[in-house]
Amino acid sequence: MGFIDSFKQNFIEADRWKYLWDGLLTTLEITGAAVLLGLFLGFIIAIVRCTYLKTGKMKLANILCRIYLTVIRGTPVVVQLLIIYFVVFASVNISKTFVAIIAFGINSGAYVAEIVRGGIMSIDNGQIEAGRSLGLNYRQTMTYIIMPQALKTVLPALANECIVLLKETSVAGYIAIADLTKGGDIIRSQTFSPFLPLLSVAAIYLVMVMFLTFLVGKLERRLSANDRR
Amino acid sequence: MGFIDSFKQNFIEADRWKYLWDGLLTTLEITGAAVLLGLFLGFIIAIVRCTYLKTGKMKLANILCRIYLTVIRGTPVVVQLLIIYFVVFASVNISKTFVAIIAFGINSGAYVAEIVRGGIMSIDNGQIEAGRSLGLNYRQTMTYIIMPQALKTVLPALANECIVLLKETSVAGYIAIADLTKGGDIIRSQTFSPFLPLLSVAAIYLVMVMFLTFLVGKLERRLSANDRR
Amino acid sequence: MIDVKGLKKSFGEIDVLKGIDEHIEKGEKVVIIGPSGSGKSTFLRCLNLMEKPTAGEILFEGKDITKLHEKEIDRVRQRMGMVFQHFNLFPHLTIRKNITLAPVKLGLMTKEEADVKAEELLKRVGLPDKADEYPTRLSGGQKQRIAIARALAMNPEVILFDEPTSALDPEMVGEVLELMKQLADAGMTMVVVTHEMGFAREVASRVLFMADGYVMEQNTPKEFFENPQNPRLKEFLSKVLV
Amino acid sequence: MIDVKGLKKSFGEIDVLKGIDEHIEKGEKVVIIGPSGSGKSTFLRCLNLMEKPTAGEILFEGKDITKLHEKEIDRVRQRMGMVFQHFNLFPHLTIRKNITLAPVKLGLMTKEEADVKAEELLKRVGLPDKADEYPTRLSGGQKQRIAIARALAMNPEVILFDEPTSALDPEMVGEVLELMKQLADAGMTMVVVTHEMGFAREVASRVLFMADGYVMEQNTPKEFFENPQNPRLKEFLSKVLV
Amino acid sequence: GKTATENTVHSKADLEGKTIGVQLGTTGDSLASNPEVIKNAKVERYNKYADAVQALKQGKVDAVIIDSDTAKEFIKKNDDIELLSEELSEEEYAICMNLDNTALQVEINTVLTEFKTDGTLDTIKEYYDGANAGENKFKADPNADTSKGKLVMATNAGFPPYEYMEGQEIVGFDVDMMTAVCQKLGYELEIDDMEFDSIIPAVQSGKADVGVAGMSVTEDRKKNVLFSTPYTNTRLEIMVRK
Ligand SMILES: Nc1ncnc2c1ncn2[C@@H]1O[C@H](COP(=O)(O)OP(=O)(O)OP(=O)(O)O)[C@@H](O)[C@H]1O
Ligand SMILES: Nc1ncnc2c1ncn2[C@@H]1O[C@H](COP(=O)(O)OP(=O)(O)OP(=O)(O)O)[C@@H](O)[C@H]1O
Ligand SMILES: [Mg+2]
Ligand SMILES: [Mg+2]
């Protein structure tokens, strides 16, 4: 079968391209929402951990955070996805996309937390001392002095975490979510020609990742230009 | 059903624990071999890239390496696995474990390459100059002076890459490899109770990751103690 | 103004301050000298409770501040400025914002009042045209002058200086010491850790010598430098006055 | 021994060396001085082809080495030692290994011969008991003496020094200069970029002044320092001889 | 140009020691995994039949054990595979529900019995199979009574002709049948697509009310879920390359 025929069969006939398009939208939806959830969780955890490391307060919360980090970073995301789907939300009739967002968000949160913690800890202690010596309390020092600086240093790493997450969501098909990868699988199961569906799925991911990488590079240049002001 | 009954049903009856045990062995086999392949590929690519960056030679090889890095780092590992299984090795009757080793090894190689490249580039240029000024050629300088130092700096990051890879192999089930995750899935499909199989799979991964993390920590302490000699 | 009684501070096993009794009057300029590691910084940092003393009392205007709650400590710190060796300006904020951040966020001034104050202080430290620059654009000496302006913006009753000129290139030490002299002349209470013996001689109302966690000797600058008693001090002076 | 003819070197748009003609005799000690950025290091690095000249010839014992292949260049470099400002010792190897690595790996000596040679050289540079230490354990001055020993291990015919004492604490400069004097006395051909005018006066057979990519003036040390002609050199000397 | 390896399976007996592809959790899986049925089989458990069939076409497995109706659908699209004439076992499909939900079982059984006698089931089936395939598609009544609320049906849409994707819709015999059943009973049908091995847990946990996925009645499954009366007979067959 020639390339044109194969192309027609895999994408044009029965509007099969729609599987890819809808899958792409699902992938983007899950990734986007999970990134937000991950950032939210990650920042909270990082702040708890740093508060403990810097002041010795929030001991219990710190222990809980450490357990969370160990467990999430110690198990594969697909196992986490299955557990959240089959065990945590066992008897709740909940949208699978929502389950995926929760699972990937919780997973990403652990990695975001370590990135942000690294960023906060990289800020010279003298900054905290300067803030406190002016009479600002811990929270004010964190909010106005430490976090703005930390945020700037971790922004590229956080953006990279988004890229990682985009790729990770490709296992969403494990709970029968019709994401981009699954979209290709559906076409494949109907046409039995693995070549085009798989390669086009790969190409779509590649284009997205390259585009995001390009943006991250731009962001980094922008940030380092700012440093020279 | 009580815990004991459930335990019996999921692990004892029909020797179901064997699915986990065999799956664990498969996971370890794939991870171990893929790590080796990844190190091999990664080092070669890193050396090519650094040679190009430092001497301007190997221009073509460098371009090929960059394409490899972009494609591998730009697509999800599960898509790579499917492509290698259904497209690259189409109509070759090859052991699936072998396919998985190739796929994960190629994937890991890209990440190893960037780690090693970073390590080599972090070594002060004066080291190369000192080597070359003594009359050593580029290869000798790399072999006896740069690589031993670079290796030491990247060892912890490489060890972490092994941990990442161990978790990544959990998607091997996509091509019907009975790895650890799939072992849990098989039990789950036979006993219809997701709780114990999933949690025990997660626990096994967790124990392995924690153990490896512990080893990495030890390695890091050992290396930094060496620095103080 | 500040009364220190039996002040001790240990870090784990290491006893850094082993018992310090000191009284600082309003308007005094106390200069502290001593070898590295003798606990000078630690003493200074205990005064505004950046370090929690292990034992002893610190009375600030008659009140023992070591017993206070976090919130009250924050309020005490507002009245004690501190200037650091490495300036510790906020690199993400303009000079103006560096100066106005604390008074505004603490609700002591409106943004407008603080901006006026900042302008006035920038004139005073001789950098009126730098308000909209970022700290990275300044030289070390300029940075330290801004750090002093930042401390002054809180209208503190005393300013603690921890080696304010040690991180500066030699040609910039002068401008900072000059500014500190002006402050002294204007009647500010100052506690200064420094290795600048010239400054100590000229400006100090009293010089303390710290070693091994104790204040070994103290006197007026004239007596202190011309007639040292303690053998450790004699040795120290013989080294630094070359 | 070394003949430089019309040597030019540019980095992209920047012309660093604009045409240098120089002749270095066997046994000569040439000291090069000049302001920062004048191309001193670049000139030195061109001599052993660490930088590829843009134009011109460098004859080493009559042969133009700029036309050689990689392999032959490596062989030339074996005969020209180089000592760097930042020592560039190999931190992962013991001192002994630092010295013996090149001669052994290049097949010039057996391991045993090299070890004997290393011992001899360590005695010569005054560090006979450091053979099994790692570089991090040495002071700056000791490191530079080892770096010289490492260069000597190749039995070079000439040694190029690029500011060998600039990275040293003042108290360590002496020991390195002393060793370099000994080398000079032993008849080694040396090309030295340095800011140590005392060394230049005492040891140099000739002093060159580089500025703007040219050798502006050269003379015996006595004439050079007492009777400079070039106005740029006069100005330079007036600054560094304070 | 690609040629898979020659077929080596010509009868049930040939399966011994061969690599057999199945879908995880299906009756084909348990049959192949049972050493009393097939000795020394190497079972490859795919998540979808389509992947198993693909692997068969590429020579990665020697045979696929698959339900006959589904097998015929795959063979329609692939001219390089066929079924052996020898069948493996007879089975019956039924609707499964939670063990406690006997009320629903009674409701569904009543309707199924009615549909069998009035020919509704046959009409639906004829659209997918037989001489008049593709004619007279079952149409849902848009005004049907849904007073009893939602009925969630767990299925695995990779099992033609019973359930499969057509565009973004899940269609097939099971879907039509359940639509008819729900109309009759007054439910609103909601379909939840999932992996085949997730269907029973979904029903057990209450995530879904019924599992309808060409699911054969087995003793093991009966322990975990309640089955309706069977709605069709089927066979497990052996699919091989031509
Ligand atoms: N946070 C800390 N934890 C542990 N030890 C500390 C801490 N801060 C200071 N020290 C120790 O306390 C001792 C005194 O330190 P301090 O900084 O007060 O000395 P100093 O007189 O200011 O010296 P320098 O002139 O070097 O600044 C030193 O031995 C130091 O190592
Ligand atoms: N690899 C390079 N790429 C681009 N420019 C370079 C490179 N090496 C040197 N330069 C430029 O060449 C000029 C001369 O440098 P060089 O290091 O030779 O000066 P120098 O006389 O040794 O100065 P210094 O006393 O500071 O060591 C400088 O402007 C420098 O920036
Ligand atoms: Mg101090
Ligand atoms: Mg130089």
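Below, chain A is the first sequence line, B the second, and so on; all start at residue 1.
Nearest approach of B:P76 to A:K167, heavy atoms of both residues: CB-O, 3.5 Å. Listed here is the closest heavy atom pair of A:V87 and B:F195: CG1-CD1, 3.3 Å. Of all heavy-atom pairs between A:A202 and B:I83, the closest is CB-CD1, 3.8 Å.
More than 12 heavy atoms of other shown residues, nucleotides or ligands fall within 6.0 angstrom of atom CZ in A:F192. Within a 6.0 Å radius of CE in B:M210, no more than 12 heavy atoms belonging to other residues, nucleotides or ligands are found.
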message: Go through it in stages, so that I can follow the logic: the residues are A:T213 and B:R73, the test is side-chain contact (heavy atoms from CB on, under 4.5 Å), and I'd like the CA-CA distance, side-chain angles, deciding distance and then a yes or no.
response: CA-CA 10 Å; A:T213 309; B:R73 287 150 45 98; over 6 Å; no

* Please test B:L206 against A:V71 for side-chain contact (heavy atoms from CB on, under 4.5 Å), starting from the C-alpha separation and ending with a verdict. => CA-CA 7 Å; B:L206 185 58; A:V71 170; 4.1 Å; yes

Exercise for the section: Output, in order, the C-alpha distance, side-chain angles, deciding distance and verdict of side-chain contact (heavy atoms from CB on, under 4.5 Å) for B:V78 and A:Y174. Expected result: CA-CA 11 Å; B:V78 55; A:Y174 250 82; over 6 Å; no

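Distance CG/B:L81 to CG/A:L198: 10.0 Å, rounded to 0.5 Å.
The side-chain contact (heavy atoms from CB on, under 4.5 Å) test with A:V79 is passed by exactly one of B:I204, B:T181, B:L180, B:L199: B:T181.
Only the side chain of A:E168 comes within less than 4.5 Å of a heavy atom of chain B; its backbone N, CA, C and O stay farther away.
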